[in-house]
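Everything below concerns the one structure shown next.
Atoms within a ligand are numbered from 1 in the order they appear, just like the ligands themselves. Small disclaimer: the values here were computed from a predicted structure and weren't measured. Atom set for the values below is all heavy atoms of this structure, side chains included, hydrogens, waters and symmetry mates excluded.
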Amino acid sequence: MQQQGAVALPPVARPGRGPSLTTTKPRRSCISAALPRLCRCGRRHFIGSSSATAFLPLLALPAPAASPVDPEVMLERVHPSRPEWYEKFYATAMDKFMKPYEAEIAEYKSKLFSQLVAAGKNILELGVGTGPNLKYYANADGVNIVGVDPNKHMEEYARAAAVSAGLPSSNFTFRRGVCEALPAEDNSMDAVVGTLVLCSVSDIEMALREIKRVLKPGGLYIFIEHVAAPDGSFLRFVQGAFNPLQQFVSDGCHLTRETGEIIREAGFSSLDLNTTCLSSAFILSPHVYGVACK
Ligand SMILES: C[S@@+](CC[C@H](N)C(=O)[O-])C[C@H]1O[C@@H](n2cnc3c(N)ncnc32)[C@H](O)[C@@H]1O
């Protein structure tokens, strides 16, 4: 399963023991302090620059407040409803075409998600989609899972996945929302899980701040994300060429984000971050996966 250049799957990670990766280098939010340059989130920022915002006040997003923005307002701002047919199509496509990928990633997910058993009962999943991860919670007894996703058509798939995973329906709640303003209280979650989501958010740094906000101290952030291939590689060239099309057809998914580096700089107290390549992921390679601890 593992490919050249990939590192071994970690033994069950001990987040508290990982290297401390707090950074002193300030990073600027993609939305709030964007300059007209290509950022590591994979976008060129013109709309966020001050001269542009003077002319495009309706398109510009405000600087992130210290306190969270209303989740409903943020949902409409960063992910207004797409045409009905598109949201349905995307949900159906995710349900139908991800099976080979899910089979290949299963071993990674089993090991990562096994850490939830000790984490606690309150789990929030970012961009829960059709719910391919819900079966991994079944071992964690009595968990309450809040699945957040802006696409309302994901709900029926996610609910069906929860039922077939044997999760009591009262233990799974679907909330329409976005990572940039999570519908959860400060310090309320034992774990936040996100797989293939930070590629799609509008503001990755805002999303990471929200993850840290809702996690309890010591809470775990478990992630699997596809990231940009190494600079100069053929794959990176292909990703750059297909990036606009990918964003268009796959609901804003970026192929060239350096998500691992951005997680590294997000100020978690510890981080276990690994890299791998999966044959079924094609240009959504390589992947980073691991656990961060608030
Ligand atoms: C590639 S799918 C992954 C779904 C699921 N996590 C999985 O592993 O199959 C990306 C998901 O993120 C959702 N999404 C897009 N923008 C989002 C945002 N700003 N916040 C939260 N979820 C978002 C999409 O609706 C979609 O369900």
Considering only heavy atoms of [X], which atoms of ligand 1 have at least one such atom less than 4.0 Å away?
X: D251; result: 15 (C), 24 (C), 25 (O)
X: G129; result: 4 (C), 27 (O)
X: M94; result: 1 (C), 2 (S), 3 (C), 9 (O)
X: N151; result: 25 (O)
X: M154; result: 27 (O)
X: V128; result: 5 (C)
X: V178; result: 18 (C), 19 (N), 20 (N), 21 (C)

For [atom], find the nearest protein heavy atom and state the residue, atom name and distance (0.1 Å precision).
atom: atom 8 (O) of ligand 1; value: T195 OG1, 2.6 Å
atom: atom 4 (C) of ligand 1; value: G127 O, 3.4 Å
atom: atom 10 (C) of ligand 1; value: L196 O, 3.4 Å
atom: atom 16 (N) of ligand 1; value: H79 CD2, 3.6 Å
atom: atom 23 (C) of ligand 1; value: P150 CD, 3.3 Å
atom: atom 9 (O) of ligand 1; value: P132 CG, 3.3 Å
atom: atom 19 (N) of ligand 1; value: E180 OE1, 3.0 Å
atom: atom 26 (C) of ligand 1; value: D149 OD2, 3.6 Å

Before accepting this row, confirm whether a basic side-chain N of the pair [X]/[Y] lies closer than 4.0 Å to the acidic partner's carboxylate O.
X: D149; Y: R176; result: no
X: K109; Y: E102; result: yes
X: D251; Y: R82; result: yes
X: E155; Y: R159; result: yes

Is any side-chain heavy atom of E261 closer than 4.5 Å to one of V227?
no
Ligand 1 N/O within reach of C179 N/O, cut-off under 3.5 Å
yes
List the steps and the verdict of side-chain hydrogen bond (donor to acceptor under 3.5 Å, both in side chains) for N122 and S188.
CA-CA 7 Å; N122 292 327; S188 59; over 6 Å; no
Under the side chain to side chain contact (heavy atoms under 4.5 Å, CB included) test, residues paired with D95 that sit two or more places apart
K99, T130, Y157
Aromatic ring proximity Y101/H287, centre distance under 6.0 Å
yes
Could you check whether any heavy atom of G252 sits closer than 4.0 Å to an atom of ligand 1, since that is the contact criterion I want to use?
no
Which ring-ring contact (aromatic ring centres under 6.0 Å, His included) pairs, counting each pair once, include a residue from residues 124-143, with sequence neighbours left out?
F113-Y136, F113-Y137
Applying a heavy-atom cut-off of 4.0 Å, say which part of M98 lies close to ligand 1: side chain, backbone, both or neither.
neither
If you measure from CG on L208 to CD on E265, what distance do you get to the nearest 0.5 Å?
10.5 Å
Using 30° and 60° as the class limits, which term best fits the ring planes of F172 and F174: parallel, tilted or perpendicular?
perpendicular
